[in-house]
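Take a look at the structure below.
Every chain is numbered from 1, with letters handed out A, B, ... down the list of sequences. Because the structure is predicted, anything quoted here is derived from the model rather than measured. Heavy-atom basis, side chains included; hydrogens, waters and symmetry copies ignored.
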2 protein chains.
Amino acid sequence: MAYRQGLDAETVLQAAIEMADVQGVEQLTLAALAAKLNVKTPSLYNHIKGLPDLRKQLSRRGLMLIKEAMVEAAIGKAEDEALLAAGFAYVIFARKQPGLYEAISSLPDYEDPELKEAGSQVVLFLLRILAPYGLSEEDALHVVRGFRSMVHGFASLEHRNGFRMELERDESLHRMLKTYLRGLRTAAE
Amino acid sequence: MAYRQGLDAETVLQAAIEMADVQGVEQLTLAALAAKLNVKTPSLYNHIKGLPDLRKQLSRRGLMLIKEAMVEAAIGKAEDEALLAAGFAYVIFARKQPGLYEAISSLPDYEDPELKEAGSQVVLFLLRILAPYGLSEEDALHVVRGFRSMVHGFASLEHRNGFRMELERDESLHRMLKTYLRGLRTAAE
DNA sequence: TATAATAACTAATATTATTAGTTTTGTAAA
DNA sequence: TTTACAAAACTAATAATATTAGTTATTATA
């Protein structure tokens, strides 16, 4: 009704995050978002470039927050303990903010420079945790890929109800990471 | 133009798979699919229930095929060698049929009975490969979750260009699986 | 050969994103 | 204090989509 709703880009993004977390990122439409903000759909275009742009913003914010969650969880910890904590933080983030996590894991392409940057931060964080292991740069990068694959795969399958057996899920995650880390300590061949 | 195009459900599904593999599952619209089949959009409804149903069919077919690819790859192999082969088959399938793989990994929910069934087949296959390891049922199920998380996570990240460093990707996959399997051989504690 | 089932069609509707152009409001300069 | 401008909302219109209803032509079958 009233002109000047006091909307800005951040408010729109926050509302979009809420909608995505509650209803899933597929159900996040500009029509529904505008209704939630008591505004007509075209008004959103004063704050976003369009739906694809909004989705990209969700992905970027998600990457930033999930990295922050890992950093936070690893404070005061080192080596295996730090990696374990980071891995759990990743999965717990995906549980708490399923829509945001969906946005991370369904982004069409990492080619976008802003997403690239956000993704790099995750990789750099993991490399720093791995530093005390004394791996070569190449070895460390392979480990980073392994770690990311594990936690992303776990969170993704869990998100889609891919684990249906009656079996503690945290225990599965813990074992996977511990098993991998044990393998890392053991000399190859 | 001509009535009776000779369309049936399987033909429609095949065309949908092709479109998804080439253009991505997001771009798979009934409008485009109908055009490809030289038919008007509503005609598709004689063979499918709607777009969500078609997506579900893609997911189911994808799960069946990826399981078959793993079975095929593991023929004549056992234990670590079989798991390694199955893991690579999984990732290679995702590379060859990106749209179908996307359909597997973006299915909204495994709750659907048909998808449940197809997913169970994958789990049962992995359990059979794991049999010679002499694990308890519970232990084996945790390992299955770990294995699925690893290969799905790897394929998913690779699909979205998540691996951007100059680093051989097959080598990363090989190391991840080997490291995990080595950890599995090593006693816990 | 007649009839029933099926597969295509046209027409219509509802939803969506997006663009263009307009009106109102808040802010800053005169 | 008034005026001018930028910004944020609006209305109206368009194009694309999926879907449903109802119709017509074709095939198969009784």
Side-chain angles (χ1 to χ4, degrees), chain A residues 1-61 99 102-103 106-109 112 115, chain B residues 1-61 99 102-103 106-109 112 115:
Chain A
M1 192 73 32
Y3 267 74
R4 294 289 153 146
Q5 198 75 10
L7 229 53
D8 60 13
E10 182 60 27
T11 308
V12 173
L13 179 55
Q14 284 302 329
I17 290 173
E18 278 175 37
M19 282 200 69
D21 280 338
V22 174
Q23 306 172 11
V25 84
E26 286 292 323
Q27 310 305 322
L28 170 60
T29 66
L30 293 188
L33 182 57
K36 180 186 172 84
L37 292 166
N38 293 309
V39 134
K40 304 295 176 184
T41 308
S43 306
L44 296 176
Y45 284 79
N46 288 313
H47 309 289
I48 60 172
K49 290 183 194 152
L51 187 56
D53 168 67
L54 183 60
R55 290 233 177 91
K56 202 189 79 179
Q57 286 188 58
L58 286 178
S59 300
R60 195 163 78 104
R61 183 61 60 91
E102 231 181 313
S106 73
L107 76 183
D109 208 324
D112 183 277
L115 294 179
Chain B
M1 194 73 32
Y3 265 76
R4 294 288 153 144
Q5 199 75 8
L7 229 52
D8 59 14
E10 181 61 26
T11 308
V12 173
L13 179 55
Q14 283 303 329
I17 290 173
E18 278 175 37
M19 284 201 68
D21 280 336
V22 173
Q23 307 172 12
V25 83
E26 286 291 322
Q27 310 305 321
L28 171 59
T29 66
L30 293 187
L33 182 58
K36 180 186 170 85
L37 292 167
N38 294 309
V39 134
K40 304 296 178 185
T41 308
S43 305
L44 295 176
Y45 284 77
N46 288 314
H47 309 288
I48 61 172
K49 289 181 197 153
L51 186 55
D53 169 66
L54 182 60
R55 290 234 176 90
K56 201 188 80 178
Q57 286 188 57
L58 285 179
S59 299
R60 195 163 79 105
R61 182 61 59 91
E102 231 180 313
S106 73
L107 76 181
D109 208 323
D112 184 276
L115 294 179

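Each of C:dA8, D:dA18, C:dA17 was ranked by its minimum atom distance to the side chain of B:L51; first place goes to D:dA18. In the set D:dA18, C:dA8, C:dA17, D:dA18 carries the atom at the smallest distance from any side-chain atom of B:L30. In this structure, of D:dA9, D:dA18, C:dT18, it is D:dA9 that holds the atom nearest to the side chain of A:V39. Here the nucleotide nearest the side chain of B:A31, chosen from D:dA18, D:dT19, C:dT16, is D:dA18. The side chain of B:P52 lies closest to D:dT19, out of D:dT11, D:dT19, D:dA9.
In this structure, the separation between CZ on B:R61 and CD on B:E10 is 4.5 Å, given to the nearest 0.5 Å. In this structure, CG on A:L44 lies 8.5 Å from CG on A:L54, to the nearest 0.5 angstrom. The line from CG of A:D8 to CD of A:Q14 is 10.0 Å long, rounded to the nearest 0.5 Å.
Distance CD (A:Q27) to P (C:dA17): 11 Å, rounded to an integer number of Å. Following rounding to the nearest Å, B:Y45 (OH) and D:dT23 (C1') show an atom-to-atom distance of 19 Å. If you measure from atom CD1 of A:I48 to atom P of C:dT16, you get 15 Å, rounded to the nearest angstrom. Going from atom CG of B:D53 over to atom C1' of D:dA18 covers 14 Å, rounded to whole Å. Atoms CG (B:L54) and C1' (D:dA18) sit 12 Å apart, rounded to a whole Å. B:K40 has its NZ atom 15 Å from the P atom of D:dA18, to the nearest Å. Between the C1' atom of C:dT19 and the NZ atom of A:K49 lies a distance of 17 Å, rounded to the nearest Å. Rounded to whole Å, the distance from CD on A:E26 to P on C:dT16 is 14 Å.
At D:dA8, none of the side-chain N or O atoms of A:S43 fall inside 4.0 Å of OP1 or OP2 (strictly under the cut-off). Between A:H47 and D:dA7 there is no side-chain N or O to OP1 or OP2 distance below 4.0 Å. Contact annotation: B:T41 does not reach the phosphate of D:dA18 (side-chain N/O to OP1 or OP2, under 4.0 Å).
Counting distance only, with no hydrogens placed and no angle test, the side-chain atoms of A:N46 and the base atoms of D:dA7 include no donor-acceptor pair under 3.5 Å.
Remark: B:K40 NZ is loosely packed, at most 12 non-hydrogen atoms of other residues, nucleotides or ligands lying under 6.0 Å away.
The backbone N or O of A:L7 lies less than 3.5 Å from no partner atom in the side chain of A:T11, so there is not a single donor-acceptor pair.
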